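For reference, the structure is listed below as structure tokens.
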Protein chains: 4
Amino acid sequence: MPASPKATKKEIVTAFRTREILAAARKLLEQRGPEAMTMGEIAAAAGVAKGTLYLYFQSKDDLIQALIAQVGENILHDVEVSLVAPGTPPEKLIRMVSVLLEYLNRDRLLFPIYARELLQGEGASREGFRRRYQELEEKFVTLVTRLFADGIAAGQFISANPRLLTFLIRGLVRATGYYQKAEGQADAAKEALPVILTLISSGLIREKQSLAEEAAL
Amino acid sequence: MPASPKATKKEIVTAFRTREILAAARKLLEQRGPEAMTMGEIAAAAGVAKGTLYLYFQSKDDLIQALIAQVGENILHDVEVSLVAPGTPPEKLIRMVSVLLEYLNRDRLLFPIYARELLQGEGASREGFRRRYQELEEKFVTLVTRLFADGIAAGQFISANPRLLTFLIRGLVRATGYYQKAEGQADAAKEALPVILTLISSGLIREKQSLAEEAAL
Amino acid sequence: MPASPKATKKEIVTAFRTREILAAARKLLEQRGPEAMTMGEIAAAAGVAKGTLYLYFQSKDDLIQALIAQVGENILHDVEVSLVAPGTPPEKLIRMVSVLLEYLNRDRLLFPIYARELLQGEGASREGFRRRYQELEEKFVTLVTRLFADGIAAGQFISANPRLLTFLIRGLVRATGYYQKAEGQADAAKEALPVILTLISSGLIREKQSLAEEAAL
Amino acid sequence: MPASPKATKKEIVTAFRTREILAAARKLLEQRGPEAMTMGEIAAAAGVAKGTLYLYFQSKDDLIQALIAQVGENILHDVEVSLVAPGTPPEKLIRMVSVLLEYLNRDRLLFPIYARELLQGEGASREGFRRRYQELEEKFVTLVTRLFADGIAAGQFISANPRLLTFLIRGLVRATGYYQKAEGQADAAKEALPVILTLISSGLIREKQSLAEEAAL
DNA sequence: GATGAATGAGCCTTCATTCAT
DNA sequence: CATGAATGAAGGCTCATTCAT
């Protein structure tokens, strides 16, 4: 029957359009920020009419949510994979950091560092955007916190609040993203990976003895 | 003491109003973000009429810049103090991290983690806000980069791009800010400081031997 | 005739709307002046929403400039035609005055007497309006000044600064416009034309001898 | 009794302030127009506080009315004097034109050509300004129209609507004002006076014969 | 009387969203 | 389905006017 393939073709076109629009929106989101970016700009960049955007997304906020979901689910999936693969917690941690850093180079993707939304209270506009971003964040934190909890329990990580450790690790990845952006480098991740691994494994400071005194303070 | 206090009284009122407005704006900035926050809201929160804001600031952008300047100059000053005081580079680094973390508890202060502006291109609105924030950032990075460069030259830090190290350290402080906000804790800094110091001095991972293998990968 | 009229239909609608808006704006400009006239009033008078005006004109100033350009180019063109047609300078002068006076009756047109902008310095608002108006003025003055210069050289006009004569002729036309407006007459131009022609050709005063004495004073 | 001189002194100060404010306002009115000119600017130019203006004038509109009245009464008075002095109507006309032209050089005074207000309908803002200006105009027109009526009755002027003639004469004076402004000359009036007198007495065109044919059309 | 900080109505302009074609 | 002209709510900003000092 021709109906099913026809419907499928339609779905393919729809999916294609959706991706095109999201791709255009992503670039604009990074360049101009969520508020400054207008629906008109997105439409122009995607090569469609303004009204067409509303055939694919209910609102601007909805579009931004889809953007985050699209990216976020990919990241979360890859992070999850890196954590369920066999290995000790430290091994898993290292794999996960590598995965996160790779995202900084894929698709010019800056979402891992799109952190400002986390700061905003309930009154903020783009309510949906914020909420979605925080959900994503929460899922990530939950996953990684478990890793740290396991590792701490096994005596393989320093003894600290595993949730705090999760935030700190994420902070290092974000910092790399800002570094990449600020320095205009194409591949900051490659440079940062070994440095972050060294930091994680043995710290920044070479003369441990003097530090021991400091820590005593 | 007639004339002088009279002139001063007006100045006091002006200074007081300015601070009131900035305080109201700061709260709103955190709650709603720079775009969503309207001059009307700021005025209402400060208990003045909309037009009054324009007696103290030339524009919305100007007001936000003042907000940043107010905070930023304090931070920069304290950071600078912590760096010129005597001590080895590692000692200075630790002092500086302490200073930065203290700011997370002072004045509900979230600016140290107000990083999104760094991501945006020239087209973004509130040009002045972004520029000012980036200037602040640049000054900070320059200061700390020098510290790392010195420490690396003296063999006291690991050998890495000092600028990258600066971004990473800052990332840890920011992460603490997000942690504090996300967890709703009053004093995340106190909890995070020893963890960050340990991380800096000896890493997160206890079993160094296994890590050596990882690094070989 | 399928594609072409379709594209044309949209253009026709656009052109129609543009004219509607300009017509509404013209009436308001005369009633209230360029500053007092608001975009809201224009929109209401044109039967569209305020935002719609910005689909046709970039700004209020732009709209007013379009208004002037629309009218001004017509006038200039007709004046030019009246000056290049064959005839002696006096004949041309008379033709031109007739053309100008005709404009006072066409389209409730008062622009030929919209002179205030000429008085204002650079600080005035609606910079574009003023500039455009002065450009128009300058073109007109240049054209007519040449006519007077030619006529004076040929001994057909009294010997005087041709530029001054241009201003005086224009002053008579403007005066007729004010007369029409003030008296509420429909066709002041018809009444004024022979009077102005007589004035130009032989003056207002009948007893030339007495005047000669006066001039001697 | 000291009360009376004291009151007088106060009146003197008041009158002085009033004149100072009006002088400052007049300059601004010419530079920026009645709408663009702000009360703040007037106050600054007059060297007083903004609130002080409201001790001398009820409103901005009231201030502008006073401005017109001040100037207008002077002009009207001088025109009246020139018309009641002995002489034939043509003599009086010439005297009056001289008086009007003199005003163009006095006090940088441009009011005689401040004609735009005449165009505006009832809806315009600065209602009082417009009304006052039109009253002034009406008085002037009444005065001069009587002169022309007398002269026409005596056969000394061409036979035409005396009111129209009044507008035309006034148009010549205004034109001189625009000429002075446009050309940036200091003393356009001196140059224009003989030209206008010649125009009034015998027209612009020298070859009367050819004109006679034209007039026949 | 004089001041000028404060007010708030009202303006121009933008932009997410709708809907007739 | 796609379009883009139209909408109108809302924002930043100005400025005439008021009033406590």
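Just so we're clear, the structure is a prediction, and the values are computed from it rather than from any experiment. So that the names make sense, note that chain A is the first sequence line, chain B the second, and so on, each numbered from 1.
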How would you label the contact of [X] with the nucleic acid (heavy atoms, under 4.0 Å): base, sugar-phosphate, or nothing?
| X | answer |
| --- | --- |
| B/V48 | sugar-phosphate |
| B/T38 | sugar-phosphate |
| C/S59 | sugar-phosphate |
| C/F57 | nothing |

Using atom [atom1] of [X] as one end and atom [atom2] of [N] as the other, report the distance to the nearest whole Å.
| X | N | atom1 | atom2 | answer |
| --- | --- | --- | --- | --- |
| A/M39 | E/dA16 | CE | C1' | 7 Å |
| A/Q58 | E/dT17 | CD | C1' | 13 Å |
| B/E11 | F/dT21 | CD | C1' | 17 Å |
| C/E20 | F/dA5 | CD | P | 16 Å |
| B/E35 | F/dG11 | CD | C1' | 13 Å |
| B/I12 | E/dA5 | CD1 | P | 16 Å |
| B/K10 | E/dA2 | NZ | C1' | 11 Å |
| A/L53 | E/dC19 | CG | C1' | 15 Å |

> For the base of F/dT3, is there a side-chain donor-acceptor partner from A/K50 under 3.5 Å away?
Replying inline: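 Absent.
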
> Would you say a side-chain N or O of D/R17 is under 4.0 Å from OP1 or OP2 of E/dA2?
Replying inline: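 For D/R17, the contact criterion (side-chain N or O under 4.0 Å from OP1 or OP2 of E/dA2) is met.
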
> Would you say B/Y56 reaches E/dA5's phosphate, i.e. side-chain N/O to OP1/OP2 under 4.0 Å?
Replying inline: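 For E/dA5, neither OP1 nor OP2 has a side-chain N or O of B/Y56 closer than 4.0 Å.
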
> Side chains of A/Q31 and A/L28: does their closest heavy-atom pair fall under 4.5 Å?
Replying inline: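 SC-SC contact between A/Q31 and A/L28 confirmed.
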
> For D/Y54 and A/T52, take the nucleotide of DNA chain F holding the closest heavy atom to each; which residue's nucleotide lies nearer the 5' end?
Replying inline: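 With D/Y54 and A/T52 compared, the 5'-side residue is A/T52.
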
> For E/dA20, what is the paired nucleotide under Watson-Crick or G-U wobble rules, both distances under 3.5 Å?
Replying inline: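 Pairing partner: F/dT3.
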
> What is the pairing partner of F/dT14, taking Watson-Crick or G-U wobble pairs with both distances under 3.5 Å in any strand?
Replying inline: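 By the stated definition (distances under 3.5 Å), E/dA9 pairs with F/dT14.
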
> How close do C/D61 and C/F129 get, heavy atom to heavy atom, and via which atoms?
Replying inline: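 Heavy atoms only, the tightest pair is OD1-N, 3.4 Å.
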
> How do B/G51 and C/M37 order along DNA chain E: which one's closest nucleotide is nearer the 5' end?
Replying inline: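 Here B/G51 is the residue nearer the 5' end.
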
> Given that B/A49 and C/P34 both sit by DNA chain E, which one's nearest nucleotide is further toward the 5' end?
Replying inline: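 Closer to the 5' end of DNA chain E: B/A49.
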
Working to the nearest 0.5 Å, report the span between [atom1] of [X] and [atom2] of [Y].
| X | Y | atom1 | atom2 | result |
| --- | --- | --- | --- | --- |
| D/I64 | D/I42 | CD1 | CD1 | 6.5 Å |
| D/Y54 | D/M39 | OH | CE | 3.5 Å |
| C/M37 | C/L63 | CE | CG | 6.5 Å |

> Which one, E/dA5, F/dC1, E/dT3, comes nearest to the side chain of A/T14?
Replying inline: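 From the listed options, F/dC1 comes nearest.
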
>> For D/E135, is the CD atom crowded, meaning more than 12 foreign heavy atoms sit under 6.0 Å from it?
In response: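 Check passes, neighbour count above 12.
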
